[in-house]
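Note sheet for the following structure.
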Amino acid sequence: VVLADGSAGDVPPDLERRLLLGLAGRCLSYQEVHATSMAERAGDEERELVAQMTLELDERLMAHQPRLGRVETDIFAARNDELLAHRERFMRHAKALRARRAAAWRAIDSGLASWSGLEAAHLERMRALRAALYDERSTHAPTLHRLEREAESAQEGYLQGVDARRGGLLQSIDAVVAAHRESNAEFEATWRSFHEGGNFNADERSRFRSRLEEQAALAEDEAAKQRSRVETAHEERVAAAAAAMETFAEARALNLEDVEMLGGLRLRQSAATSAVRAVTAASAAEKAAIDEAIRGLGELLGREAAGGDEPRVSAAAAAAEAALGGCGGGGALDAMWSLDALRGRLLARARRLEVLESSGIDDALPLPVSLEPPSDGEDPPPPPPPPPPLPCSVDGEDGESLRAAIDAVLPEHEATLLAHYETYYGAKGDRQITRPALLPPTLEESRAKVAELMASVAGRAHAERREAVASFRAQLATLSQALSRVGPAVFEAIARGCREAAIAEAATIDASHAAAVSDLERKRGEHLKSLKPSLRNPANRKELLALKAAEAERSSAALAEAGKQCDERLASARRHAEKLLRRVSHTAAVLLALLDGVVQPEDLAAPGDDDDAASPSQQRDAPAPGIFKQLRHEARQAAALACTDPPAAGRPFKEHVWAGLPLSELLEAQAAEGGGDAGEVAADAAREADTTASSPPLKGCLARPQRAAVAARDHAYAHYRLWHEEWTQRIRAAAEAALQSERTFSDNFGKLIANCEGGASA
């Protein structure tokens, strides 16, 4: 049962019982209401029908009652006319059936004729698909599989269409036979006998029935012939379609063999190209890593030059600076670490590209990258290592050149291509190649084609190598400008850190003495308030003497506190000056070693025919140097020619020696301006130190970055020396102001005490 919500379910027994009782009650009510009226209406109809039939029988009896002794010719004529009408009606019926069958057979002929057009279209479609198999643009197996699916779909559609038409024709034939029988049955049903009120007797009906059976047998024979025609035509079409499909399958097998051969060639060619691209991609990754390192070094130098309040050091540099006691030199460490990482990349890149002509560049540095040298007798805590550089993996052995890596990749892939060709030609036999424009006709020609292909791949790879060489030269040209800023950035970071650390430590010293100074100031105010006119009274002489002693004690303590604070600040300034000397001297040696280890454009071999420094378009688009740049270049060349320094080993530069920094100059300056305990300490230190002593001389290549680094060292030292002198002067001036203020107050307070003592004695 279907419920109201559309779902199916079983009817509950009580509901079923109520439904049946309700239905039975409704049926009984209907019968009780309509039974009487129906019985009355049926009785009236029966009486009326009996009366009509009685009247009709009486009229017939009166019309056909034969008379005794006479021949009723009128009855014979009427009967004869009826028999003639029966025969004519039968002939018309037979003629109509023959016409219907003829029309049906003509329709069958038209249907069979339409099969020829359908067959021609299908065979043409199969020929087009077979021709598409031989298209040389179809070089992928999925294309052949698609054509195969299209052929199978067309074959299936054609066979379904033929089967559908065959079924339709057979149904039409069966419909003709069934219509013939139905028409005969309807015609026979009109033969009513005399007993049934008609005008047929039994003999006449028997003769007509036999003739109808003859017509039905004739229709069955014609239908059987038509069925045979349809089946024969169907078998012929199916056989032709199967032959076309078999021809297509044979062509597909031949084309698939060649296409799979081309697919294998593409895979092997792609493998060779990918292997070469992996090498060139690794080279491109090296170039990108160097570009990123140069950009990072430039940003770091820019931040150091700009200064500001934002953090300018990495976490590793901050930790290393904290391990050394902290003096704000993390920016210098970051710059030197970045330069050290970039130095290694450039050296490896130059060797990989086989453009390094200089042999005097070492892989390892003679000094560790740090801000201060190890202390005598103990090793400093090792600073955290700098962040590792970005990995730059390359194929091939370590240290293998890019040219050798490219040449080492191709022979293996060339052998696989030749083996693939040999397998194909061995299996092909004598058949024709379906794609002669893509596959050589002989094995010898295929070997020549493989050699040409490998030469093309190698040519493109070597062209990329030449572009990499040109890019490397451009990178070195860009880096040479940044290297001149490394020294100023490093030494300025060291000097700025020492200045900031000295100022911060002075503030810490002032904060440590702030409580004592404040307490002395408070006592000074209290003593001044305690000095009242009543102290002139002789009775208060003891209080006056106590106040005088207390003030004398406070004044001596204030003078001692001011001197101590000044001495501590001067000692702090001296410590930071010594740290600056130590760091600048050590960092200058490290920085020169780093700069000497960086590959310069002059270290590269001159560009040859197969290794152009720049393409013609790059040379054409390069801006012409200005007149001032040309003059500076000519001046540098003249200075280089006039230089008498010896040449550096394995480098295209002169080896120059720069003097070290004076080690006692800052102490002498502080001692010359000194006074008090701090001045005496500085004077003693200056006397103990050798006035001619200096830091070790610096030796390095006489190149622009090295000259800029040494000039930056001297500038940072001179600038810090001026600042140090000004700073010590400010410290002494502040201390002298405090001492003078205390002495003035002490003199005035003594005069007031003397005045009070004079009044008390009077």
Side-chain angles (χ1 to χ4, degrees), residues 304 307-309 311-313 318 321-332 371-372 491-522 524 557-585 587 661 663-686 689 715-743:
E304 287 297 328
D309 296 333
R312 299 187 300 274
V313 299
E321 178 61 21
L324 293 175
C327 199
L371 293 178
E372 296 186 13
F491 292 113
E492 177 59 28
I494 293 175
R496 183 175 59 249
C498 289
R499 286 196 302 269
E500 293 175 355
I503 295 172
E505 187 170 350
T508 303
I509 293 172
D510 292 342
S512 65
H513 289 273
V517 172
S518 177
D519 184 62
L520 292 173
E521 289 292 334
R522 180 184 58 79
R524 177 177 175 176
L559 293 174
E561 183 68 24
K564 181 181 179 182
Q565 184 176 0
C566 177
D567 293 341
E568 290 181 1
R569 295 185 68 180
L570 290 175
S572 171
R574 180 167 52 83
R575 285 196 304 272
H576 287 90
E578 293 173 352
K579 179 172 287 190
L580 173 81
L581 285 173
R582 188 168 58 254
R583 288 196 170 191
V584 168
S585 300
T587 305
L661 294 176
L663 298 178
S664 60
E665 191 174 13
L666 291 178
L667 298 180
E668 291 175 357
Q670 183 171 344
E673 300 174 359
D677 297 339
E680 294 176 359
V681 172
D684 294 339
H715 178 270
Y717 171 76
H719 188 271
Y720 190 86
R721 182 175 182 276
L722 295 176
W723 177 86
H724 179 70
E725 293 175 357
E726 180 185 356
W727 180 245
T728 54
Q729 289 176 4
R730 290 169 59 186
I731 292 174
R732 291 193 179 93
E736 185 62 29
L739 292 174
Q740 185 62 34
S741 174
E742 188 61 34
R743 292 191 189 101

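What's counted below: heavy atoms across the whole structure, side chains too, no hydrogens, waters or symmetry copies.
Put simply, the side chain of Ser518 never gets that close to the backbone of Ala514: no donor and acceptor are under 3.5 Å apart. Distance alone, capped at 3.5 Å, is enough to place a donor-acceptor pair between the Thr728 side chain and the Glu725 backbone.
When the side chain to side chain contact (heavy atoms under 4.5 Å, CB included) test is applied to Glu505, the partners found at least two apart in sequence or on another chain are Ile509, Ser572, Arg575, His576. Contacts of Arg730 classified as side chain to side chain contact (heavy atoms under 4.5 Å, CB included), with partners at least two apart in sequence or in another chain: Glu726, Trp727. Applying the side chain to side chain donor-acceptor pair (under 3.5 Å) rule to Glu568 yields the partners His513; only residues at least two apart in sequence or on another chain are considered. With sequence neighbours left out, the salt bridge (charged side-chain N to carboxylate O under 4.0 Å, His left out) criterion links Asp519 to Arg522, Lys523. With sequence neighbours excluded, the residues forming a side chain to side chain contact (heavy atoms under 4.5 Å, CB included) with Ala735 are Cys566, listed by chain and number.
Among Arg496, His724, Arg499, Glu492, the one residue that satisfies the side chain to side chain contact (heavy atoms under 4.5 Å, CB included) test with His719 is Arg499.
Between Leu581 and Tyr717 the shortest heavy-atom distance is CD2-CE1, 3.4 Å. Among all heavy-atom pairs drawn from Ala562 and Leu739, the shortest one is CB-CD2, 3.7 Å.
Note that CZ of Arg569 is 10.0 Å distant from CD1 of Ile503, once rounded to the nearest 0.5 Å. Atom CZ of Arg732 and atom CG of Leu570 lie 5.0 Å apart (nearest 0.5 Å).
Using the six-membered ring where Trp is involved, Tyr720 and Trp723 have ring planes that are tilted, between 30° and 60° apart.
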I would like to know whether Glu578 and Arg582 meet salt bridge (charged side-chain N to carboxylate O under 4.0 Å, His left out); could you show each step before the answer? CA-CA 6 Å; Glu578 293 173 352; Arg582 188 168 58 254; 5.5 Å; no
